[in-house]
Amino acid sequence: MSALQRSLSPMLVPGLALLTAAFAQKTTGSLLTALAKHIPRPSGLHHFFLGNNGKIRTALGIVVALSLIRWANRFLNDMARNSWRASPPSDWICSKEIAVVTGGSGGIGRTVVEKLINKGLRVAVLDLKDPPEAFKEQARILFCKCNVTKPNEVAAVAEEIRTSIGHPTILINNAGICRPCRILDASAEKLYEIFSVNSLAHWLTVQQFLPDMIKNNKGHILTVASAASFLALPRCSDYSGSKSAARAFHDVLGSELKHFYHAPNVITTAVHTQFVRTPIIQDIQKRLDEEGQNILEADFVGEKIVERLVSKRGGVLILPESRSFLSGVAAWPAWMQEIVRDKYGRASAKRNE
Ligand SMILES: *[C@@H]1O[C@H](CO)[C@@H](O)[C@H](O)[C@H]1NC(C)=O
């Protein structure tokens, strides 16, 4: 599907409504009158339909105008994040691509690896944890035990991947850790570890695999950040901080590719999810369930990531989509931001965490 088709499809219903409202005012009017005829006479609804014909049309017009603005915004976002190209680069053949997934032994990473090999790709998994049994029999998976925070280990593993399966065209910086605690309780060791895994590792892997992507003007770098990169909450200063760094990394990477390396076909995507059912939230999962929080399934997130890779379009993926408004939190008035932080802060302090 081209960018235009993709952006147009959700516009079908409001678009038709607009055409009707704009060019067939009489028809809309008589339609409403006809509708009113079927409503029992003395009812208020009947009078409402007959008496507010014009108002109903105005309301319809407002809904349509808002949908149009939303559509234009989405369309421009999609184009801007893809070097104003309407169609994706054409030299991608799924079965020939090689992907690298950090943290691919579990959680979101594991589901992404499974889906990619099903599509015929070869995948190098970088993880400290052993891979699941099913991965061991898969010829398309190369498992590399690697501490992604160690420059020498990442370099050695990258060399192994290049010589044994070839130059990767897809890099998914997915490895991440989270252990919520207050600022005064965070040990130096823990701080270095979380920032190393959640952000610094992105520089290390990209330095290994990007040069070849630039040379061929072909590649896709996907950064798994978090909705926490938009909104820093109590007990998550280190997690939010490291994920905000990953978000900044994504923004700058895309810009440098365009202006310094002239490789517009190297695509970048950032993924920001809310809570996902993975070992990361193990400790707080029960509480989240009790609070009725919407926890995403790792498989759903993996599906969305792979969809994005296959579409060969870059951008920012916020999951669930209904939480896209979170990306604008920093622009909210301070009092609104404080209300949100207070709500979480109070609840967290009450639990005496
Ligand atoms: C990974 O490497 C860092 C040093 O870069 C070290 O502090 C950390 O303990 C290592 N992690 C594991 C699980 O071995």
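As the structure lists them, so they are numbered: ligands from 1, and atoms in each ligand from 1.
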Among all the protein's non-hydrogen atoms, which is closest to [atom], and how far away is it?
{"atom": "atom 13 (C) of ligand 1", "value": "L128 CD1, 3.4 Å"}
{"atom": "atom 14 (O) of ligand 1", "value": "N147 ND2, 3.7 Å"}
{"atom": "atom 5 (O) of ligand 1", "value": "T149 OG1, 3.2 Å"}

Looking at E297 and K304, does any basic side-chain N land under 4.0 Å from a carboxylate oxygen? no
Any Lys/Arg nitrogen of D299 or K115 sitting under 4.0 Å from an Asp/Glu carboxylate oxygen of the other? yes
Do you see a donor-acceptor pair shorter than 3.5 Å between the side chains of T102 and N174? no
Ignoring hydrogens and geometry beyond distance, is a side-chain donor-acceptor pair present between T169 and H220 at under 3.5 Å? no
Among K150, E189, E193, closest by any non-hydrogen atom to atom 4 (C) of ligand 1: K150
Would you say atom 7 (O) of ligand 1 makes contact with the protein, given that contact here means a non-hydrogen protein atom less than 4.0 Å away? no
Please report the interatomic distance CG(L116) to CD(E97), rounded to the nearest 0.5 Å. 10.5 Å
